[in-house]
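Report on the following structure.
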Amino acid sequence: MRFTDIARNEWCFKMVYLDNAATVPLLPSVRKAMHETEEKLFANASALHTPGHLAMNKIEECRAVLAELIGAEPNEIIFTSGATESNNTVIRTFEGHQIECSPLEHHSIFEATRVYKGNKLPKLYSYMLYNNETGEKLEFPILDNESFLHSDLTQALGKVEINVNRLGLDYATFSAHKIGGPIGVGALYVRSGVPFKPLLIGGNQEHKRRGGTYNTVGIAGFLAALEYVRDNKTWEIYDESIRKLRDTLANHILAKIPGSSLNTDVRRGRSLPNILNVSFKAAEGESIQLYLDSEGIIVSTGSACAAGDIKPSHVLMAKTGDAEIAHSSIRFSFGLDNTMADVERVMEVLPGVIDRLQKISTIKRS
Ligand code: PMP
């Protein structure tokens with residue numbers, strides 16, 4: 001178990017971490033790669049001297065591995081500070097143009113679309129392949145000749161096989177920390193020849209597509225995480241073992257907890273294999289989260305980016321139209337470290353937590 005070194009373990013008998021859709025703990029190989037890069041590849045990767053070249057080689061290695069993993073060409077990959085920047089960059093490219101996003105998009109798409117959309121053609125569609133709160137699969141719209149398609153593949157990378165050509169994408173977003181890499185590094189796939197406007201200007205990096213000194217250490221960490229995904233074919237592990245954990249938890253919850261209903265369609269092909277979103281009638285999501293936290297079980301209510309926001313999740317509202325369901329939802333998101341013992345531990349604690357909350361609620365549970 002990788003969590004033994006963190007402070008909370010002093011009072012947690014054993015942490016059960018089920019918030020992998022928010023972030024995945026660093027893989028040991030990532031930590032090692034980052035330490036080595038920090039020591040040896042410290043130079044500015046744009047510099048013409050030898051240490052600069054060595055740093056740039058590492059960056060190009062990462063670009064090549066990501067490109068191969070998603071069926072793209074290396075020059076179609078731009079490194080960014082994460083999925084938020086990648087998403088903002090694509091939407092900003094279409095400033096003043098028609099932009100349509102699905103109602104289930106991450107705020108970095110949703111808000112940017114609200115700010116930048118206009119009336120001009122061509123039109124951009126932005127549809128994520130899998131939603132981060134419920135894990136559900138979305139259908140892409142059918143495009144005409146004057147339209148472009150972007151997909152936020154942040155949650156999909158490593159969980160399913162990805163090929164940008166087969167998906168028909170012009171742009172795609174990725175983030176390192178959802179696959180065991182560091183926070184603050186991401187990438188944007190931009191198909192050759194499609195419109196592009198840099199978000200960060202004032203530097204020649206990334207062929208003038210993204211200014212700013214290269215984050216060599218972060219990109220080296222991203223590379224190690226991508227190699228882990230590629231070498232272990234992690235999408236196969238998710239499809240087999242992790243799906244079993246998720247489905248077992250879903251079945252136990254439905255069988256043993258009155259007033260529970262799934263917000264995730266767990267049928268194969270309908271959702272990511274590692275996300276389970278559940279509502280518990282007459283129990284408030286934040287209260288469930290805190291009770292579970294005090295037992296060392298780490299989950300989230302909807303997306304972490306919306307935590308502290310008293311408005312119900314826009315994703316669950318779009319799906320159910322029911323604020324009560326949205327307020328009573330919990331997301332369990334599994335990672336490669338989880339085992340059936342974690343599911344058992346959740347089922348030891350969760351029924352009692354929900355029962356206690358439902359008893360003090362003024363809303364009836366059934
Ligand atoms: N898009 C989706 C679908 C996400 O799940 C997240 C992370 N919550 C982001 C974008 C933002 O990612 P980052 O932290 O790399 O900016």
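Just so it is clear, the values below take in all heavy atoms, side chains as well, and ignore hydrogens, waters and symmetry mates. Just so you know, ligand 1 is whichever comes first in the structure, and atom 1 is the first atom listed for that ligand.
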Review point. L104 and side chain to side chain contact (heavy atoms under 4.5 Å, CB included): which partner among I109, N132, L138?
Key: L138

Point to revise | T84 and ligand 1 - part of the residue with a heavy-atom distance under 4.0 Å | key: both

**Study point:** Close approach, E85 and ligand 1, non-hydrogen under 4.0 angstrom
**Key:** no

Check your understanding: Can you list the atoms of ligand 1 that are under 4.0 Å from a heavy atom of Q155?
Key -> 5 (O)

**Study point:** Passing option when D265 is tested against R270, R246, K319 for salt bridge (Lys or Arg N to Asp or Glu O under 4.0 Å)
**Key:** R270

Review point. Below 6.0 angstrom between ring centroids: does that apply to F148 and F94?
Key: yes

Study note, to complete from the structure: Taking only non-hydrogen atoms of G82 and a 4.0 Å limit, the atoms of ligand 1 in range are 15 (O)

Check your understanding: Do we see a donor-acceptor contact under 3.5 Å between the side chains of N165 and R191?
Key -> yes

Review point. Any idea which atoms of ligand 1 are less than 4.0 Å away from a heavy-atom of M128?
Key: 3 (C)

Check your understanding: When you check the gap from the basic side-chain N to the acidic O, do R230 and E68 get nearer than 4.0 Å?
Key -> no

**Study point:** Minimum-distance pair of heavy atoms, taken over all atoms of C101 and F110
**Key:** SG-CD1, 3.9 Å

**Study point:** N/O separation below 3.5 Å, S81 to ligand 1
**Key:** no

Point to revise | For ligand 1, the portion of A83 having any non-hydrogen atom under 4.0 Å away | key: both

**Study point:** N/O separation below 3.5 Å, D152 to ligand 1
**Key:** yes

Check your understanding: In terms of ring plane angle, is the pair Y127 and Y125 parallel, tilted or perpendicular, where the classes change at 30° and 60°?
Key -> tilted

Practice item. Give the contacting part of H177 toward ligand 1: side chain, backbone, both or neither, where contact means a heavy-atom distance below 4.0 Å. Key: side chain

